[in-house]
Structures are given as structure tokens and as C-alpha cells.
Protein chains: 2
Amino acid sequence: MKSSRQPSLLDQHCDYLKHIFRLQQAQSPVSTSALAESLKVAPSTVTDTLKKLSQKGLINYTPYHGITLTPKGEKLAVKAIRRHRIVERFLTDMLGFEWHEAHEEALRFETQLSDEVERRLFVALNRPKVCPHGYPIPSKVEDVRVEETTLYSLEPGERAEVISVKDDEPELLQFMASLGIKPGVKIKVVAKDPFKGPLQAVVGRNRRTVGWHLANSIHVRKLD
Amino acid sequence: MKSSRQPSLLDQHCDYLKHIFRLQQAQSPVSTSALAESLKVAPSTVTDTLKKLSQKGLINYTPYHGITLTPKGEKLAVKAIRRHRIVERFLTDMLGFEWHEAHEEALRFETQLSDEVERRLFVALNRPKVCPHGYPIPSKVEDVRVEETTLYSLEPGERAEVISVKDDEPELLQFMASLGIKPGVKIKVVAKDPFKGPLQAVVGRNRRTVGWHLANSIHVRKLD
DNA sequence: ATTATAATTTCGGCATTCCGAATTTTCAAG
DNA sequence: CTTGAAAATTCGGAATGCCGAAATTATAAT
């Protein structure tokens with residue numbers, strides 16, 4: 001396939017940058033296998049693409065030693081993240097999709113949009129600050145900060161406000177919605193079992209018991 | 001490249017069907033060279049793809065003798081046309097694009113949209129009947145009829161309403177807009193030179209002189 | 001009917017994106 | 001140190017989309 005339209009940056013490359021950026025927050029440098037798993041392609045494929053990205057000056061790539069985004073790559077990654085979150089907002093706010101559908105729908109076509117469409121979408125949406133899952137819609141690298149604290153890190157008795165929830169597991173999102181958990185909601189932890197056991201909390205008016213995985217997918221800010 | 005997402009139909013194939021459908025209205029069967037020019041690819045490329053489309057039962061293809069859409073191919077073509085026009089409406093109505101930009105912007109990402117997004121877009125737009133250029137948004141094959149009469153076919157003294165304008169030349173569209181020509185506008189022909197010469201007409205309050213090509217890009221319905 | 005020319009197809013080739021198997025490198029355990 | 005397992009890379013190969021040049025077929029003019 002000829003690339004045509006986009007002179008400088010292929011869709012695929014944006015995808016790689018987005019994933020590298022995300023993985024980099026957990027661990028830097030990012031390993032080939034981590035990227036491969038995240039992108040759901042074979043490691044050998046990742047190695048191939050890494051060379052191209054490196055040649056374009058988007059990543060620092062030392063064979064066998066992982067990768068880091070260059071400033072240029074970081075900027076493009078942020079641009080891709082911004083676009084993704086704007087499109088998610090479009091899908092929920094203007095088309096009425098549920099938040100658990102928005103993420104995957106957005107992935108389908110976001111890379112094809114022109115900058116102009118993105119700009120106009122942003123304006124038409126009234127310049128939103130966050131995506132449907134509560135993550136900021138960034139203008140620059142510093143904007144992409146996520147709340148470090150997760151619900152599971154709280155101790156019994158503590159109260160917190162939900163800031164954002166992980167968006168990459170649709171079913172989990174749907175389940176969270178059914179529990180009334182979404183950005184802005186306030187939660188009080190009642191009890192927490194040891195060994196990554198279930199956590200009991202009051203969400204709005206209801207008492208809920210949630211597992212470790214779910215509670216760790218919720219970013220919160222402590223209250224009081 | 002692996003196709004992934006779309007199980008049954010590749011983007012490229014939709015594109016072919018759309019072009020074949022359009023060309024078929026002017027002349028059937030459609031020739032390889034006409035398709036190649038329309039798609040801006042080499043004739044040999046078209047031949048390659050034609051075989052695949054034929055195998056999928058979307059076209060009737062007899063080597064050296066042109067192509068026709070099968071009922072199945074026709075349905076898909078109409079689906080693609082419908083989607084294109086809905087997206088154009090989205091771009092003009094919800095994002096404020098000019099009509100001469102809408103066509104090309106739509107081409108960038110329309111093929112990536114899911115059926116569900118298309119459906120919701122249509123509803124959010126209030127179920128429009130026509131695209132920004134005045135062509136119908138079809139549900140089935142019969143809906144895709146265009147007004148046969150063009151402005152140039154009128155004789156001096158005749159009046160007509162603009163129904164639709166050809167959408168594939170952005171500059172021409174922009175120029176038409178500057179002349180006040182758009183669907184719904186009423187035009188009275190004042191004079192017409194022989195040999196495809198210029199045509200004089202009254203558009204709204206203004207007297208305009210337009211060339212053959214432009215006048216033939218305007219579909220009208222006679223008044224009185 | 002024959003023949004020239006125009007349209008179409010065939011063929012080989014290039015680029016891209018992906019993969020699995022084989023190889024190389026790293027790194028930590030002995 | 002050595003060495004063995006895990007991680008990463010290289011290599012060969014498959015599929016796709018595209019092209020230009022060469023061969024084939026159709027068709028319109030003689």
C-alpha cells in the first residue's frame with residue numbers, strides 16, 4: 001500500500017508512539033516485548049518498525065536495550081493522545097456512545113482525521129478539559145499527568161474523588177458504570193482485605209465490594 | 001498489511017464500488033481505463049483489483065469487455081455513497097466546513113467509520129435528505145437518482161431551481177459559492193452562446209456569465 | 001478481410017507490513 | 001568466570017497494493 005495522504009507520519013507510527021508513551025510512564029526504557037504485547041504484534045515486527053521510528057528521529061533505540069521517546073517523538077505522541085481523547089468526547093457527547101464503547105470506536109478512525117477536523121471538533125465540543133474517562137486532553141507533554149493514587153491504595157476510612165478510570169477494558173468500564181463509578185463521584189473506603197483481597201466502599205449511597213484489579217483501575221484524589 | 005477490523009470488505013474495495021457506481025450512470029459497462037482515471041491509479045492496478053472484486057461477487061467482470069456491478073456490489077456501493085454524504089453533512093453542519101472542503105475531508109476517514117457511528121451521525125444530524133451539494137442521501141439503489149437537466153441545457157428565458165452541484169472539483173465549488181450558486185437557488189437563463197460558449201443568467205439579484213463546464217456541473221429542475 | 005491503433009491484461013518488480021524459526025545478545029545464577 | 005534461559009534481533013517468506021513495459025485482444029478504418 002502506498003502511504004499517500006500523510007507525507008511525514010504514518011498511522012502506524014502514531015500508534016507506536018502512543019503505546020510507547022503510555023508504557024514509558026510505567027517503565028523507561030520500554031522493552032520490545034512490552035510494546036509487542038501492547039500492540040498485539042510479534043516482537044520481530046516491533047523490531048522492524050523500531051528501526052524506522054529511530055531513523056525518523058522519533059525514538060532513541062539501542063538494540064537489545066529498549067527504547068525511549070525523543071522530544072520530537074514525545075510531542076507527536078501527545079498529539080496522538082490529544083486527538084484520541086477529543087474523538088472519545090465526540091463519540092460520547094455528540095453521538096451518545098457509552099464510555100466503554102468510545103475508546104475502541106475512536107481507535108478505528110482517529111488516525112485518519114486531519115488536524116483541521118480535530119481542531120473544529122475540539123471547538124464544537126466546547127474545548128473540553130478531559131476525556132470521558134477523566135484523563136486530561138493535553139496540549140503539551142506536561143499536561144498528560146495522571147493521578148498516581150488509585151482507589152486500592154486508600155486505607156479504610158479514607159475518602160476520595162474519582163478522577164479517571166482506565167479505558168482499555170470495555171467490559172470493566174461497563175461494570176464500573178453499573179456500580180456508579182465515574183469521574184467526579186466520591187467514594188469512601190470501608191474495609192480492605194489483605195493479600196490484594198476485595199475492597200469495600202461506599203459509592204454515592206451504595207455499599208460496593210470490588211476486587212483488586214478494578215480498584216486499581218480507578219485513579220482518585222484524596223479528600224480532607 | 002493485515003486487514004484486521006473489517007472482516008468482509010476492504011476499504012479499497014468500497015472505493016472501487018463507489019467509483020464504478022458513479023461511472024456506470026454515465027456509461028455501462030465501465031471500462032478499465034475510465035476507472036483507472038477516476039481512481040488515479042494505473043490501469044494495470046485496476047485490472048488486478050477487478051479480479052478480486054469479481055471473485056467476491058461484487059462485479060461482473062469479463063476481461064477486455066468492461067465491468068458491471070452485481071446486485072450485491074450495487075448495494076454496497078449505495079451504502080458507501082450514503083456514508084460519504086452523511087459524513088459531508090457532518091462536516092458542514094456540525095463542524096462548519098465549507099462545502100468545497102467537505103468532499104475531500106470526508107474521503108479521508110469515512111471508510112473507517114463503523115456502521116454504528118454512521119447511524120448515530122445520521123440521527124444527530126436530524127436525518128438529512130441530501131448532502132451539502134444537494135445529492136440525495138440514499139437508503140437503497142433507487143434513491144441515487146440525479147437530476148438529468150443541467151443549467152447549460154436550458155434555453156434563454158427559462159427558469160430553474162438548482163438541485164445539486166458536482167462535488168469533485170473543490171475550486172469550482174468555491175467559485176460557484178462566490179457566484180451565489182447553491183442548491184435551492186433560482187436561476188433564469190438570459191443568453192447562451194453557440195458552440196459551448198458562455199451562458200448568461202440571473203442568479204438571485206445578480207447577473208452572471210458562466211462557462212460551459214461550470215453550467216454543466218449544475219443540476220437543475222425547470223420551473224413553470 | 002486486413003491491419004493499425006487503442007485498450008486491456010500479463011508479467012516482473014518494488015515497497016510495505018506482518019510473521020515464525022533460527023540466531024545472537026544480555027544478564028543473572030552458580 | 002562460565003553458562004543457560006530469556007529477550008531481542010536477523011532472516012526468509014507470505015500477502016497486499018502499486019507500477020511500467022511487454023504482450024495480448026478488440027475495434028475501427030481501409
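Here is how names work: the chains are called A, B, and so on, in the same order as the sequence lines, proteins then strands, and each is numbered from 1. When reading the values below, keep in mind they use all heavy atoms of this one structure, side chains included, and skip hydrogens, waters and symmetry mates.
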Salt bridge between A/Glu118 and A/Arg83, side-chain N to carboxylate O under 4.0 Å?
-> yes
Under-4.0 Å salt bridge between B/Arg108 and B/Glu104 | no
Spacing of A/Asp48 atom CG relative to C/dT16 atom P, expressed in whole Å | 12 Å
Mind calculating the distance between NZ (B/Lys40) and P (D/dG17) to the nearest angstrom?
-> 20 Å
Hey, which of these two, A/Val41 or A/Pro63, hits DNA chain C nearer its 5' end, going by closest nucleotide?
-> A/Val41
OP1 or OP2 of D/dT16 under 4.0 Å from side-chain N/O of B/Lys52 = no
Assert: residue with more 5' nearest nucleotide on DNA chain C, out of A/Tyr64 and A/Gln12, is A/Gln12
Have a look at B/Ser33 and say if it touches a base, only the backbone sugar-phosphate, or nothing, with a 4.0 Å heavy-atom cut-off.
-> sugar-phosphate
Rounded to whole angstrom units, what separation is found between the NE2 atom of B/His13 and the C1' atom of D/dA15?
-> 13 Å
In whole Å, what is the span from the CG atom of A/Asp15 to the C1' atom of C/dT16?
-> 16 Å
Give a yes/no answer on whether the side chain of B/Tyr61 brings an N or O atom under 4.0 Å of OP1 or OP2 in C/dT9.
-> yes
Hey, does the side chain of A/Lys51 come within less than 4.0 Å of D/dT9's phosphate (OP1/OP2), counting only N and O?
-> no
Whole angstrom value for the distance that separates P of D/dT16 from CG of B/Leu53 | 13 Å
Thinking salt bridges, do A/Glu155 and A/Lys222 make one under a 4.0 Å N-O criterion?
-> no
Mutual orientation of the aromatic rings belonging to A/Phe90 and B/Phe90 [parallel < 30°, tilted 30-60°, perpendicular > 60°] = tilted
Base, sugar-phosphate alone, or nothing: which one does B/Pro43 contact when heavy atoms must sit under 4.0 Å apart?
-> base
Take the protein atom CD of B/Glu37 and the nucleotide atom P of D/dC19, then report the distance between them rounded to whole Å.
-> 14 Å
Looking at A/Ser44, does any N or O in its side chain come under 4.0 Å of the phosphate oxygens OP1/OP2 on D/dA8?
-> no
Round to the nearest Å and state the distance from B/Ile67 atom CD1 to C/dA7 atom P.
-> 15 Å
Just to confirm, is there a sub-4.0 Å distance from OP1 or OP2 of C/dC18 to any side-chain nitrogen or oxygen of A/Thr45?
-> no
Does B/Glu88 come within less than 4.0 Å of B/Arg85, counting only side-chain N to carboxylate O?
-> no
Whole angstrom value for the distance that separates P of C/dT16 from CG of A/Leu50 = 17 Å
Does a side-chain N or O from A/His65 land closer than 4.0 Å to OP1 or OP2 of D/dA8, or not?
-> no
